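This structure is a prediction, so every number in the text was calculated from the model and none was measured. Quick note on labels: first sequence line is chain A, next is B, and so on, each numbered from 1. Just so you know, these numbers use all the heavy atoms, side chains as well, and skip hydrogens, waters and symmetry mates.
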Amino acid sequence: MSDLRELYQEIILDHNRRPRNFGVPDQSNRTAKGHNPLCGDIVTVYLLLEGNVVKDIQFEGKGCAISIASASIMTELIIGKTEAEALELFQSFHDFVTGDDVAELADELEELKALSGVRDYPMRVKCATLAWHSMAAALDGDGENVATE
Amino acid sequence: MTEIKRGGRAVKLKSVADGFDLDQIREDFPVLRQKPHGRKLVFLDSAASAQKPRAVIDAIRYCYEAEYANVHRGVYWLSERATEAFDGARETVRSFINAAKTSEIVFVSGATEAINLVASSYGGTFLEAGDEVVISHMEHHSNVVPWQFLRDRNGVLLKVAPINDDGELILDQFEAMLGPRTKLVAITHVANSLGTVLPVQDICEMARSRGIRVLIDGCQAVPHTSVDVQALDCDFYVFSGHKLYGPSGIGVLYAREELLKLMPPYQGGGEMIASVTFDKTDYAAPPYKFEAGTPHISGAIGLGAAVDYVRSIGLEHIAAHESDVLRYGMQRLAQIEGLRIIGAARQKAGVISFVLDDVHPHDVGTILDQEGVAVRTGHHCAQPVMDRFGVASTVRASIGMYNGRDDIDALARSLNKVKEFFG
Ligand SMILES: Cc1ncc(COP(=O)(O)O)c(C=O)c1O
């Protein structure tokens, strides 16, 4: 069970039980749907962009604890960030879960560290990055569906 | 013990009279000694791909160590031995499904290729715009997408026969769909996502009496039940070797010889020709006409060995044992609070699909894995079935001959851990 605690840390279980910023907002101007072909999960991200700042972000969809928690934590981190900062965040998170070397995460990204367990489960990396791919696609603005492959 | 000849050597096999000995069978599968995360391996994913018995591993090794050369080409001793073993495998498969002739057994890479071959060669030639192909709502994607290709290319219509809430084909609605333009029924024998056994004998009769051709996807059937293509009177029967305890990359297309003669080749190359000039090529007779290129020699030999192994245990013994485990599993899992079984057909083989509370199947699968329990999670290449039951994915435990009630107990115990974890 200890390995499992590593993967399913309390923070993750908590975000899974009570995802933050979950739902369809009244107001949004960028959206994208992410699809994990492995499990059929779909996460849709809605952004409200003012200038180049993310004023609001919400998500909805179905997914495993890893993907829901990752999406939930992501929304908390992204609000108030500029587009460039958001994409940079994605990059560091991506490196963090996929990199060979254990990439460092800035202190403000503490919660994301809870997702480090997926490194040992390559099949689950897609779950952890699903919402992030959607967020990046939404910022890209063409609103196209993305698949995590 | 009985002895059979394979290639150049005699192989000892247990005879059916020895009965079904689960411990012995488990010994026959070396991989079962693996200890994932330090636990006993509880392998419940044979529907995705079954494990391989020593007899298959040995046959493949023997092929490469003692009788490997290209087949049907060399005049030398080694090539003759390889050819004998390869042809022997075809005969083994023929008798396994009781086809009339070995020329009706085409080796392909798997069920997927077999269906694509039929859709492309038979469908592309004999089906016209407005003709109808009837499939069921519980087909594997490999028995959906090739027909969509044909639809998009030839204007053939694809009709989907509905299933009920237990995951059974609604037979009278199926029959009502068979109209004057229906040219082909392409349907699974056992549904991989639900385990439903379809009444293929009835289906064949309904279709044949209307002059409609039938393709049966037997991937999930051949490991659990004996198949007689002549008794079924089907036109095409396909399956993959790897779900039948044989190697991956090899599969079988059975087709009536008269159809194979009429159908154009699927791919061109060596092996499938009688003579070639730059003006014209005469094709070889079936099955070679459909086997362009060097075949998967060791794969076919391995598949032959798998068939021999299965027959040495006896499909009737395997079926009786597995249905006991399945029944036990259905009962045992039904007792777990919050567990919903998807697919409760009266006729069922090998598969229990379920969801647990609102825990995502991936999370269930990961936690089971820590306990050494290997199950498949996802949509099982059958998204329309998932849609039908209002889920995106399920957990699927599937049963092979080496599974016992103890594996079900391990599964149930681990599921209770999942509930503790996510409770
Ligand atoms: C019912 C059914 N049909 C077809 C297939 C496709 O088999 P393969 O991937 O071996 O070609 C499968 C395997 O998943 C199956 O279960």
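Taking a cutoff of 4.0 Å between a charged side-chain nitrogen and a carboxylate oxygen, Lys40(B) and Asp407(B) qualify as a salt bridge.
Under the rule for a salt bridge (Lys or Arg N to Asp or Glu O under 4.0 Å), the partners of Asp409(B) that lie at least two apart in sequence or sit in another chain are Arg332(B). Applying the salt bridge (Lys or Arg N to Asp or Glu O under 4.0 Å) rule to Glu88(A) yields no partners; only residues at least two apart in sequence or on another chain are considered.
Heavy-atom neighbours of chain A within the stretch residues 377-384 of chain B, taken at a separation under 4.5 angstrom, comprise Gly378(B), His379(B), Gln383(B). Inspection of non-hydrogen atoms places Lys62(A), Gly63(A), Cys64(A), Ala65(A), Ile66(A) of residues 57-75 of chain A under 4.5 Å from chain B.
In this structure the side chain of Leu44(B) reaches within 4.5 angstrom of the side chain of Val373(B), judged on heavy atoms. The closest side-chain heavy-atom distance from Val418(B) to Leu356(B) is below 4.5 Å. Annotation: side chain of Ile187(B) is in contact with side chain of Leu198(B) (closest heavy-atom distance under 4.5 Å). Taking the side chain as every heavy atom from C-beta outward, Lys417(B) and Glu371(B) approach each other to under 4.5 Å.
Within 6.0 Å of CD in Glu10(A) there are more than 12 heavy atoms belonging to other residues, nucleotides or ligands.
Two rings, from Phe29(B) and Phe43(B), have their centers 6.0 Å or more apart.
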